[in-house]
2 protein chains.
Amino acid sequence: MIEAKKISYQDIKALALKRIRNKTWPPGSIMPGEVELAGEFGCARATVNRAMRELADEGFIDRKRKAGTRIKASPTRHAKFTIPLIRDEIESSGATYRYALIRRDTPKTPDWLRARLALSLQADVLHLKCLHYAGSKPFQFEDRWINLDAVPKAAQQNFEMTGPNEWLVQEVPFTDVELTFSSMNADLQTAELLGVSEGAALFTIERITWLEKRPITFAKLYYFSGYQMTSRL
Amino acid sequence: MIEAKKISYQDIKALALKRIRNKTWPPGSIMPGEVELAGEFGCARATVNRAMRELADEGFIDRKRKAGTRIKASPTRHAKFTIPLIRDEIESSGATYRYALIRRDTPKTPDWLRARLALSLQADVLHLKCLHYAGSKPFQFEDRWINLDAVPKAAQQNFEMTGPNEWLVQEVPFTDVELTFSSMNADLQTAELLGVSEGAALFTIERITWLEKRPITFAKLYYFSGYQMTSRL
DNA sequence: CAGTGGTCTAGACCACGTG
DNA sequence: ACGTGGTCTAGACCACTGT
C-alpha cells in the first residue's frame, strides 16, 4: 500500500481547516457527516469526531445532532487569556513583588455592591484596599470586597502580609468568574496611590467570582498607566 | 445492582474537581493514574482520559507522560473571550451600525510597523483610517495597516462601503492572532474623531494576525470612553 | 528500560432535534 | 421516525521521559 503511517485527528483538523479556507466547504454550508468523512480518510469515526469537536470548540463550525455540521459564516474566534496571579506576573518580569495593605474595614454593605453581587439584605462584607508594587513602583491598586456570608473565615485574616487574592485562591474554591475590562481617568486619590497624575488613563479590571451560585468576592483592579495585557492565540 | 446508569466523563471531571478543592488531592501532588481511576470509577480508561484532558486544558492540572498528573499549585485560570465583529457587537446591542472611511493611502512603510510585523525591507502596506458608529455616536476608531505582500488584492479594494476587518475576515484566512489591551489618554485628533474631550481615557486593542508565519495586518482600535468588555467563564 | 499519558479502532447505544 | 452527533467500551500500540 502507498498509505502513509496513520491519519491523526490533527491531520483531519488541518485538512478540514484547509477545506474551509479554500471554500471547498463554503461558509454556511453543511459538511459531510462523520461516517462519510471517516470513510474518506480511512479512520474510525471517533477520530473524525475528536477533530470536529475541537474545531467546534475553537469556533469554526457549529454542530447539531440530526442537522449536521455547518461551517460558520463568520468564524467567531475565541481569545484564551491566562489570568496570572499578580505576584507571578511581576516576578516573571524580573521585578521584586511587594504588597501593602492600605485599609481594612467592615462597612455597611453598599447598595451598589449588594445589587452587583445579588447579596441578601443582611450580608456582611469585608472591604480591603491594597497596593501591589513592582520593585519600588506601584503596579496595581486593588479595591476588594469579600462576602463574609460565603467566606466567614476571611474575617479572621488581617491581610497585612498576604494579599486577599493570593489568600482567596489558596483557601476558597470558586467555579465561575466574570471579568470586565475597561479604561478610566484616574481620580485624585487613585492617582496619588499609583503615582500618576490626575486624569491619567488607567487600565482596569473588575472581577467577580462565585462558588456555584454564591458570590464570593468582587474586586476592582487599577493598573499603572502604560500597562498592557497581551494574548497569543 | 444499585449502580446508577453510567458514569460520564463529566461526572469524572466534577468528581476530580471536588477532590482538588477539598484537598483530597492536594496542590502539587500527583493524582492516581488513569488505569487506577478507571478501575475505581468502573469505566474505560478513555473516559477518564477525556475528563483529565479537559481539566488540563482548563488549567487545573499538568500532565506529563511517565511523570503522571499533578495538581497545579495555583490553578491558572483561562479566560475565554469571544471577539465579535464590530458590526455584530453594535447590532446586537440594538443600535444601527454605520461605517465611514476617513482616509486611505499607501505611505512608505513606517519603521515601527516594519519592526512590529517583522516585514521585509521592500514590503508595501495599505493604511486605512475608519470610524464605526453605533447609531449616530462614534463607537470605535480603527487605524489599520495591511501587508500588501501577503494580501495583494487588498490594493484593489476601496473600502468605502465595507470595513477592512469585515473584508479581511471574509477574504483572507489567518491562523494566529495577537491581542494587546491597554488604556490611553485621547490625543486631540482621536478625541475629535470619537467625540470626546482631549485626555479622555480610551480602551484600546491592538490586533495582529498572521497566516502561518506571514504577517497579514496590524490594527489599533480605539473605543469610545466608557466601553467595557466582559467575559463570563 | 519501564511506566504513564496520547491516540486509534471497531463497535455499540443513546439523545437530541429536524422534518 | 430516524439520522446525526455525543459518548462509552475494551483493547491495542505508540511516544515521551524519569530513573
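Atoms considered below: every heavy atom in the structure, side chains included; atoms not considered: hydrogens, waters and symmetry mates. Just so we're on the same page: letters track the sequence lines, and every chain starts at 1. Just so it is clear, the model here is predicted, and its values are computed rather than measured.
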TODO: Not counting sequence neighbours, which residues clear ring-ring contact (aromatic ring centres under 6.0 Å, His included) with Y99(B)? List them please.
DONE: H132(B)
- [ ] Check the side chains of Y97(B) and E91(B) for a donor-acceptor pair under 3.5 angstrom, ignoring hydrogens and angles.
- [x] no
TODO: Can you label the angle between the F224(A) ring and the Y227(A) ring as parallel, tilted or perpendicular, going by 30° and 60°?
DONE: perpendicular
TODO: Can you sort out which residues in residues 49-66 of chain B have a heavy atom within less than 4.0 Å of DNA chain D? Ascending by number, please.
DONE: R50(B), R65(B), K66(B)
Task: Lys/Arg-Asp/Glu bridge criterion (N-O < 4.0 Å) met for E142(A), K220(A) - done: no
Task: Distance, nearest 0.5 Å, that separates CD1 of I90(A) from CZ of R98(A) - done: 10.5 Å
- [ ] Starting at atom CZ of R70(B), determine the distance to atom P of dT4(C), rounded to an integer number of angstrom.
- [x] 14 Å
Open item on the list: What range of DNA chain D does chain B touch, first nucleotide to last, counting atoms under 4.0 Å from its heavy atoms?
Closed with: dT7(D) to dG18(D)
Task: S182(B) versus T204(B), side-chain donor and acceptor atoms under 3.5 Å - done: yes
Task: DNA chain C: 5'-proximal contact among S8(A) and P32(B) (nearest heavy atom) - done: P32(B)
Task: Pairing annotation in dot-bracket form, given for DNA chain C with Watson-Crick or G-U pairs under 3.5 Å and | for cross-strand partners - done: ||||||||||||||||||.
Open item on the list: Would the distance check show the side chain of T47(B) and the main-chain N or O of C43(B) forming a donor-acceptor pair, the cut-off being under 3.5 Å?
Closed with: no
- [ ] Drop me the distance from F139(B)'s CZ to I86(B)'s CD1, to the nearest 0.5 angstrom.
- [x] 5.5 Å
Table please: side-chain donor-acceptor pairs of residues 149-162 of chain B below 3.5 Å, with sequence neighbours left out.
| residue | atom | partner | partner atom | Å |
| --- | --- | --- | --- | --- |
| N158(B) | OD1 | E160(B) | N | 2.9 |

Task: Of all pairs that satisfy side-chain hydrogen bond (donor to acceptor under 3.5 Å, both in side chains), the ones with a partner from residues 26-44 of chain A, not counting sequence neighbours - done: R19(A)-E40(A), E34(A)-R45(A), E34(A)-N49(A), E34(A)-R63(A)
